[in-house]
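As the structure lists them, so they are numbered: ligands from 1, and atoms in each ligand from 1.
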Amino acid sequence: MSSRVQLIVPSPTASTITNRTPIKEEVEVCVIGMGFSGMAITYNLRKNGFHSIRSFEKGKDVGGTWYWNKYPGCACDIDSYQYSYKFSKELEQEWTWSRRYGKQPEILKYANYVADKFDLRSNTLFETSVNSSIYDETTKKWIVRTDKGDEIHCRFLFLANGALSSPATPGIHISNEFKQRASHFHTHNFNHEIDLKDKVIGIIGTGSTGTQAIPELANVAKKLYVYQRTPAWCAPRKDKEMTKEEEMEIKKDYEYYRLGRLRESSGNLAGNSGLSDVVRDAGEEMPSANKKEPGRYQQLAEQIASDPEAQKMAQEAGGFGTAFSFGAADEDTEANVEAAFGPLNDMKVNQRLQEHLSAKIKEVVHDPDIANALTPDYPVACKRLCITDEYWPTFNKPNVKLYNLKGLSINQVGKNGPEDADGMPLYDEPLDVLITATGFNAMTAGADGSQIGVVQGKNGLTLGEKFKDGYQTYLGMLTKDFPNLFHMVGPQSASVLANMISAGEQQAEWFVDLMVHMRENGFESVDVIEKYEKEWSEHCAEMTKNTVWGGVGGGCRSWYNKANVAERNKDGELLIDVKATGGGDVLVYTGGETLYNEKIEEWKYKGLQFQQHFSMWDRN
Ligand code: N01
């Protein structure tokens with residue numbers, strides 16, 4: 001049987017999706033999700049001659065995370081010139097970022113610009129949710145079905161539907177009386193139709209989203225009640241407009257600027273540091289890219305290790321670099337690579353950082369009791385570090401009131417607002433609006449099938465069943481018994497602990513290389529040898545073991561280990577003990593982006609099992 005790809009129905013474009021007739025077709029590749037990863041894979045596939053693609057996107061347009069999250073204050077906290085695609089030099093040169101950190105509207109504009117420039121929308125069915133993806137062992141194809149009645153058969157299936165795209169309101173019951181008299185919504189689906197001016201607003205959640213939204217809400221609310229279960233560690237942001245000179249300095253040697261991020265800092269969180277800004281601000285000439293020698297960035301890290309002035313400068317530069325420059329000055333810590341990991345595995349360094357950040361809280365927040373309530377008691381970076389200058393000063397405003405829940409959850413919202421476990425009101429005035437900034441069912445996308453329906457591989461096994469007791473993946477990209485199923489920025493990959501755009505791009509290149517390898521060798525399908533996914537899972541656990549995510553320094557509850565959706569009982573006792581879930585249960589690869597990139601190249605394609613079928617590829 002020839003498996004030449006045939007488009008049975010012409011591809012509709014984004015503008016022709018409503019009330020369309022269901023599509024039945026056979027294509028080479030299906031892509032679920034058209035955020036930054038979906039766009040990266042589409043670009044790379046086409047560049048390498050894979051043109052038979054069908055993509056599905058729940059939203060009306062591209063952008064993924066940046067399409068959905070439109071809450072006030074929504075912005076990136078990685079330098080904008082780093083948080084962008086590197087695949088086109090032309091794109092790099094012609095796009096101008098207005099600020100150090102892109103705000104959501106600008107990032108979405110960028111996504112649209114890229115989609116227009118490279119025609120990335122034309123294969124996509126927008127406003128279409130995938131209901132199921134079933135592997136047919138006879139035809140060796142994935143059958144993808146959608147809520148619009150489409151049925152697409154494809155050889156390869158990419159899950160690019162995002163790590164944080166399924167909003168969660170864990171355990172919060174909102175009464176009908178409240179629903180009738182007030183408004184409520186999740187930050188992921190922020191309701192901009194409601195005029196918030198002079199309203200009594202409550203917001204549950206003080207993670208990355210909450211800390212960004214709270215200052216903006218405080219500017220318009222009559223009263224803002226902030227419900228804090230656990231305080232967040234925050235580092236200074238130091239956002240600013242980009243000058244033409246800074247832009248030109250980066251664009252002069254963009255590749256080196258990007259390399260610096262990975263080289264100076266293991267490409268982990270510190271990779272998005274202000275160190276590159278320090279170089280720029282110091283007016284240093286950046287040496288050209290691809291040099292084998294360590295280069296200016298490493299020299300800088302070494303300088304930070306030995307020179308308190310340089311260290312201070314790095315700490316003041318803002319962003320993740322603030323936190324990670326603390327490692328560099330420790331006498332036991334080697335410069336450069338260790339500098340990035342210092343606070344993550346060295347509690348002496350972490351403690352120093354905690355003291356530095358706590359002092360900032362006390363300096364900024366006038367009321368010492370509120371300052372104390374806002375000060376976390378767990379290691380920095382155990383939860384996602386927030387990057388903000390506006391959050392703490394917000395608590396000096398007379399219209400803002402902090403409800404310190406001291407570890408307890410809000411479980412009940414009565415007629416007028418949230419109540420404690422004894423039914424006592426947690427408000428002075430009835431709320432007009434309740435906003436939940438309570439995070440996400442992280443990485444369920446494909447992991448348990450809840451967001452994109454069931455994903456069923458060989459022998460009827462679903463991803464949900466496979467990952468029931470923990471993740472088992474090959475490099476965070478494939479998993480045994482799910483042939484030709486490719487995970488983008490999924491569990492056990494560098495993903496959210498890296499720069500999501502560059503992490504997705506790196507994986508896109510790797511996957512397309514794999515597909516080219518298969519095409520050249522006449523391989524029809526690829527699966528994983530069990531031993532190797534065990535090896536990868538063990539490596540992930542090993543990387544995590546001695547870090548704050550693995551419980552060093554006491555651990556914390558976080559979505560990194562799925563402890564955000566677990567409940568506490570009435571006395572605040574955890575129903576899941578986070579410390580008992582460290583190691584392999586951490587969702588993300590914790591070794592950092594640089595090491596991850598090295599590993600995926602080193603492993604290429606060790607531990608993969610290919611099946612031959614010479615006639616399937618169109619060799620014309
Ligand atoms: O979600 P979160 P998020 N009662 O899970 C609290 C990325 N991101 O949307 O800390 C009371 O971090 C919960 O309390 P606790 C980034 O990767 C990036 O803020 O679990 N409170 C916590 O305070 C980030 O990590 C940017 O005790 C309840 C909050 O809700 C990820 O998205 C910007 C509760 C949830 O915090 C998720 O961040 C924004 C309850 N029942 C987001 N349930 C960038 O800048 C939950 N909470 C790039």
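Considering backbone and side-chain N/O atoms, Asn411 never comes within less than 3.5 Å of an N/O atom of ligand 1. Considering backbone and side-chain atoms alike, Thr438 places every N or O at 3.5 Å or more from each N or O of ligand 1. At a 3.5 angstrom cut-off on N or O pairs, Trp66 does not count as close to ligand 1. Backbone and side-chain nitrogen or oxygen atoms of Ile204 are examined, and none is located within less than 3.5 angstrom of a nitrogen or oxygen of ligand 1. Below 3.5 Å of separation, one finds an N or O of Lys383 facing an N or O of ligand 1. Polar contact with ligand 1: absent for Leu164 (N/O pair, distance under 3.5 Å). For the pair Thr230 and ligand 1, the shortest N or O to N or O distance falls below 3.5 Å. Residue Thr206 places at least one N or O, backbone or side chain, under 3.5 Å from an N or O of ligand 1.
In the candidate list Gln228, Gln212, Arg384, Arg384 is nearest to atom 48 (C) of ligand 1, counting heavy atoms. Of the listed options Met500, Gln104, Arg229, Gln412, Arg229 places a heavy atom closest to atom 28 (C) of ligand 1. Of the candidates Tyr227, Tyr101, Phe440, Tyr71, Tyr71 brings a heavy atom nearest to atom 39 (C) of ligand 1. In this structure, of Cys74, Ala163, Gly205, the residue bringing a heavy atom nearest to atom 30 (O) of ligand 1 is Gly205.
Residue Ala75 touches ligand 1 through its backbone alone, judged by heavy-atom distances below 4.0 Å.
If you look at Tyr427 and Tyr403, their ring centroids are not closer than 6.0 Å. When ring centroids are compared, Trp95 and Tyr110 come within the 6.0 Å threshold.
Of all the atoms in ligand 1, the ones that sit under 4.0 Å from a non-hydrogen atom of Ile172 are 41 (N). Within the listing of ligand 1, atoms 29 (C), 30 (O), 35 (C) sit less than 4.0 angstrom from a heavy atom of Ala437. The ligand atoms of ligand 1 that sit less than 4.0 angstrom from a heavy atom of Trp559 are 5 (O), 12 (O), 17 (O), 24 (C), 25 (O), 31 (C), 37 (C). Counting the atoms of ligand 1 from 1 in the order shown, those under 4.0 Å from a heavy atom of Ser208 are 8 (N), 16 (C), 19 (O), 24 (C), 25 (O), 33 (C), 39 (C), 42 (C). Ligand-side atoms of ligand 1 in range of Thr209: 3 (P), 9 (O), 19 (O), 38 (O), 39 (C), 42 (C), range being under 4.0 angstrom from any heavy atom.
Ring geometry for His188 versus His186: interplanar angle over 60°, hence perpendicular rather than tilted (30 to 60°). The aromatic rings of Tyr81 and Tyr254 sit tilted relative to each other, their planes meeting at an angle between 30° and 60°. The aromatic rings of Tyr589 and Trp536 sit parallel to each other, their planes meeting at less than 30°, with 60° as the upper class boundary.
Atom NZ of Lys103 has 12 or fewer neighbouring heavy atoms from other residues, nucleotides or ligands inside a 6.0 Å radius.
Listed by first and then second residue, the salt bridge (Lys or Arg N to Asp or Glu O under 4.0 Å) pairs that reach into residues 427-442 are Lys222-Glu429, Lys223-Glu429, Lys401-Asp428, sequence neighbours excluded.
Heavy atoms of Cys556 stay at 4.0 angstrom or farther from ligand 1.
With Trp68 as the aromatic partner, Lys58 meets the cation-pi criteria of under 6.0 angstrom to the ring centre and within 45 degrees of the ring axis. Both tests do not hold together for Arg384 against Tyr560: distance to the six-membered ring centre under 6.0 Å, angle to the ring axis within 45°.
When all heavy atoms are compared, the tightest approach of Gln212 to Cys74 is OE1-CA, 3.6 Å. When all heavy atoms of Pro379 and Gly555 are compared, the pair lying nearest together is CD-O, 3.9 Å.
Side-chain contact between Leu587 and Asn561 is absent, with no heavy-atom pair separated by less than 4.5 Å.
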